[in-house]
There are 2 protein chains.
Amino acid sequence: MNISIAPTTVQDSSSSRRGDVAADSTLAQAAIGRIIDLIRSGELAPGGIVNEVDLAKRFDMSRGPIREAVRNLEGRKLIMREAYQKARIVELGVEQVQELFQLRECLEGMACRLATTQMTDSELAELVESCEKRGDQGRLATTFTNDFNFSFHIQIVKKCGNKKIEDILTSEVYELVRLYRWTKKATPGRSGRARTEHWQIAKAMQSRDEELAESLMRSHIQRSMQIVDLPNLG
Amino acid sequence: MNISIAPTTVQDSSSSRRGDVAADSTLAQAAIGRIIDLIRSGELAPGGIVNEVDLAKRFDMSRGPIREAVRNLEGRKLIMREAYQKARIVELGVEQVQELFQLRECLEGMACRLATTQMTDSELAELVESCEKRGDQGRLATTFTNDFNFSFHIQIVKKCGNKKIEDILTSEVYELVRLYRWTKKATPGRSGRARTEHWQIAKAMQSRDEELAESLMRSHIQRSMQIVDLPNLG
DNA sequence: ATCGCATGAAGTGTTGACACTTTTAAGACG
DNA sequence: CGTCTTAAAAGTGTCAACACTTCATGCGAT
């Protein structure tokens, strides 16, 4: 069936299939997308080393485009490296994950506030509805099955009307958050509570209460961080 | 005397002089710094085209490192480009500058709140003092004389304890804000009012009032945006 | 046995040549 | 004259070879 997964990042996502659109016209661009795919699929885990030669061979291109791609990802702070040292996928310690969620909290809080004034009535109705009908997501058999929780947040962010905020969230923050998400499922009952919180936020937005919407979103994100336990790090 | 200007970005700043520290060990790294210098100095203005060959000749290196540098800056969203098209320094329209300030508002608001709990008493005392003694800055004869207004904000951001927020502000937001700052001076009386607002913020922080500090910082930034008038854009 | 040093291997950094795309400008044609 | 075609120029994209740095292995000396 091959459902193309809606990628958080609009431009540079999975390049693997679909050669029709000529979306990734240059190899470097394609490399960016494919490396991100590797990161999302977990093949390149946090702290994992990014070997230019390996990637070049695997993607069947020379090292030039690879280096450009790595530099780009480095600019987005998804990859870290120092001169002549192996590049690594960023690895976040406990405090750094907390920092990330603080960042997300204030950005998404603002996004939610803005979206509350920006979205149309019908869009909001749709948002509420999507919170009410349950169990309909997560059954797509893909690499990222646990993406569905994001869709709510992404819907809002995309409609906040502020491209800068949207950009930082989708191209930097979410990619990182995604890496530390998989343990979340372990906590039972969380999923249902999250859904309730989503519904409350949507309702606040529908009644055009910016203040409440932002506040709810912020505490929702705070709560969601407390669940993420970090297994392996110093 | 050669006062080295404290650069907003710690790592990748001016590489021009000081060959002792071997800070920019690779050419690509050096190129990043020098391009940023070019942007800050205004030689590469918003909308200006970034020519790889020119830069390569000017920096006396091959195009490889230049391309990597451009890719990095592209990742930071300071440079835009599409395949086979000339790369350009990002150019912001009116709405986009507003978006940028919204972003800055929520990030710095959060940073200010965090710094209020993080900074020591002596650091806060120093901050207040630096707001009270006036006319002592801006006399450094450099390319960026009007940087001094930033120093207040940077002091706070550096002490907020959240590296992610600090990073986004210094390596992405401030660079862009800087580009649209020079018209600000035109408004008379603004400078004094800004100083007053800085003092009020510092005072709120000193009395450890997070809520007030964040709120004051947010309105301070809102006000500072309203001053920036955009001369040339569609 | 351990420490230090040489030596190779693996990986990153840089380069100049070549291929492709876009833009510019000149010339042919209406 | 203006417009279309076309060829050169300018700029970007890619590659393969080479230089440099770091890491790993093993050898010999103490």
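Since the structure is predicted, the reported quantities are computational estimates derived from the model, not experimental observations. What you see below is based on every heavy atom in this structure, not just the backbone, and it leaves out hydrogens, waters and symmetry mates. So that the names make sense, note that chain A is the first sequence line, chain B the second, and so on, each numbered from 1.
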Which whole-number value in Å describes the distance from B:Lys86 NZ to D:dA10 P? 11 Å
Just the rounded figure in Å: distance from P of C:dA19 to CZ of B:Arg63. 14 Å
Kindly assign one of parallel, tilted or perpendicular to the pair A:His220 and A:Phe152, based on the angle between their ring planes and the thresholds 30° and 60°. perpendicular
Just to be sure I understand the rule, does B:Val50 reach a base, reach only the sugar-phosphate, or reach nothing, if contact means heavy atoms closer than 4.0 Å? sugar-phosphate
Name the nucleic acid region contacted by A:Gly64, choosing base, sugar-phosphate or nothing; use a 4.0 angstrom heavy-atom cut-off, strictly under. nothing
Rounded to whole angstrom units, what separation is found between the OH atom of A:Tyr84 and the P atom of C:dT12? 12 Å
In B:Asn162, B:Val157, B:Leu169, the residue satisfying side chain to side chain contact (heavy atoms under 4.5 Å, CB included) with B:Leu107 is B:Leu169
Closest to the side chain of A:Thr26, out of C:dG11, D:dG13, D:dC15, is D:dG13
Is B:Glu126 atom CD crowded by more than 12 heavy atoms from other residues, nucleotides or ligands, each under 6.0 Å away? no
Rounded distance (Å) that lies between atom P of C:dG11 and atom CZ of A:Arg88: 13 Å
Closest to side chain of A:Ala28, choosing from D:dT14, C:dT14, D:dC15: D:dT14
Would you kindly give the CG-to-P distance between A:Leu27 and D:dT14, to the nearest whole Å? 4 Å
So, the side chain of B:Glu166 versus the backbone of B:Lys163: is there a donor-acceptor pair under 3.5 Å, distance only? no
Nucleotide of C:dT23, D:dT14, D:dT12 approaching B:Gln85 most closely (side-chain heavy atoms): C:dT23
Report the nucleotide, chosen from C:dT22, D:dC15, C:dT14, that has the shortest atom-to-atom distance to any side-chain atom of A:Ser62. D:dC15
Among D:dT22, D:dC15, D:dG13, which is the nearest nucleotide to the side chain of B:Arg67? D:dG13
Say whether, by atom type as modelled, one donor and one acceptor occur between the side chain of B:Ser171 and the main chain of B:Ile168 under 3.5 angstrom. no
Look at the side-chain N and O atoms of A:Gln29 and state whether any lies under 4.0 Å from the OP1 or OP2 oxygen of D:dG13. no
In whole Å, I'd like the distance from the CG atom of A:Leu55 to the P atom of C:dG11. 12 Å
Rounded to whole Å, please give me the gap between CD1 in B:Ile66 and P in D:dG11. 14 Å
If you compare every side-chain N and O of B:Arg81 against the phosphate oxygens of D:dG13 (OP1, OP2), does one of them come in below 4.0 Å? yes
Can you tell me how far P of C:dT12 sits from CD1 of A:Ile79, to the nearest Å? 11 Å
